[in-house]
Every structure is written in C-alpha cells, then in structure tokens.
Amino acid sequence: VPAQMVYLTDGPSRQYAVDNTSLVFRHQALKDTVDIWESAVLVQGLKELGPTRIDEKVCARMREWLPATMRKKVLRDAKGSTAWVYEALKKICDGDRDV
C-alpha cells in the first residue's frame, strides 16, 4: 500500500518530489496543534473526517481507542481547537452523557 508522509507546518502547504518519495507539508493552524500525542491524533483524525462525517459510530470507535485516564487531559489540551472539533471531542470523552 503506497503511503506518503505528511508533515504539519504553520507555513504554506507544499509538496516536493525527492527521488521516488513525495514529501508533503500541510498548513495547520497553531490552534489545532496540541502538546500530547493522543490529542494530536484525535484532532487530526476529526479534521480529516470533517464535521459532517462525525457520528456516534466514529465517536464510539475513538472512545475505545482513548484510555479513560487521558480524556480530561485531551479536552484540556484541545480547548483552543476549532469549535466543531472541540464539540466532537466532548462527545468522545464524555461517552453516553449528554454534552
């Protein structure tokens, strides 16, 4: 399966060809970057899916992946994220509780 490495940057999006490898730099707003790995994976995953594709099935799958002990920290780390991303994270972290 072909794969490409995508690096997030606060600079402009660019793509370079180096030999047979594609190097992709994708612009990412600083407010959407977070300090810990779990938070970053969730934020980037949600942004790739987009707000219209986030349903309970997606939230349940992400909830399974994220340890319960990390949920408060993820919410705290992503507090400054885009509003729809933060709302989705609240649904993921709060489980069955109404958000």
Side-chain angles (χ1 to χ4, degrees):
V1 175
Q4 67 177 222
M5 297 297 290
V6 177
Y7 298 93
L8 301 179
T9 177
D10 60 350
S13 295
R14 299 198 190 272
Q15 187 167 352
Y16 300 98
V18 181
D19 295 327
N20 292 331
T21 304
S22 177
L23 216 62
V24 179
F25 295 90
R26 186 181 308 160
H27 175 77
Q28 183 71 42
L30 287 177
K31 69 180 182 176
D32 291 330
T33 58
V34 289
D35 292 334
I36 67 169
W37 187 80
E38 289 85 357
S39 299
V41 168
L42 286 170
V43 168
Q44 292 309 311
L46 291 170
K47 289 187 72 69
E48 283 297 316
L49 286 171
T52 59
R53 293 176 55 199
I54 309 288
D55 58 13
E56 184 50 42
K57 185 177 177 182
V58 170
C59 290
R61 180 72 177 122
M62 290 184 171
R63 194 177 305 118
E64 283 177 22
W65 177 80
L66 183 65
T69 56
M70 294 296 299
R71 293 178 184 171
K72 285 184 181 180
K73 181 146 180 51
V74 166
L75 283 176
R76 191 171 50 245
D77 290 342
K79 189 102 174 154
S81 290
T82 309
W84 71 265
V85 171
Y86 188 68
E87 289 303 314
L89 283 172
K90 286 195 317 189
K91 288 179 186 175
I92 291 165
C93 292
D94 289 342
D96 296 330
R97 294 186 345 201
D98 274 336
V99 180

Worksheet item: Is any side-chain heavy atom of S22 less than 4.5 Å from a side-chain heavy atom of Q15?
Response: yes
Correct closest heavy-atom pair for A88 and C59 would be O-SG, 4.5 Å
When rounded to the nearest 0.5 Å, the distance separating OG of S39 from CE of M70 is 6.0 Å
Shortest non-hydrogen pair, W84 vs I54, comes out as CZ3-CG1, 4.3 Å
Taking every heavy atom of P12 against every heavy atom of H27, the minimum-distance pair comes out as C-CB, 4.5 Å
Original post:
Can you get from V24 to V18 by hopping between Ile, Leu, Val, Met, Phe, Trp and Tyr side chains that sit under 4.5 Å apart?
Top reply: no
What do the steps show when you test L75 against D94 for side-chain contact (heavy atoms from CB on, under 4.5 Å), and what is the final call?
-> CA-CA 10 Å; L75 283 176; D94 289 342; 4.3 Å; yes
Tightest non-hydrogen contact, residues R63 and R71, listed as O-NH2, 2.8 Å
(message) Measuring only between side-chain heavy atoms, which start at C-beta, is T82 closer than 4.5 Å to K47?
(response) yes
d(E56 CD, I92 CD1) to nearest 0.5 Å is 9.5 Å
Any L46 side-chain heavy atom under 4.5 Å of M62 side chain
yes
In this structure, CG of L42 is separated from OG of S81 (nearest 0.5 Å) by 10.5 Å
For this session: Check whether any side-chain heavy atom of T21 lies under 4.5 Å from a side-chain heavy atom of Y16, and answer yes or no.
Result: no
| Below 4.5 Å, heavy atoms only, C-beta onward: do L89 and V43 meet side chain to side chain? | yes
NZ of K73 to CG of L66, rounded to nearest 0.5 Å, is 12.0 Å
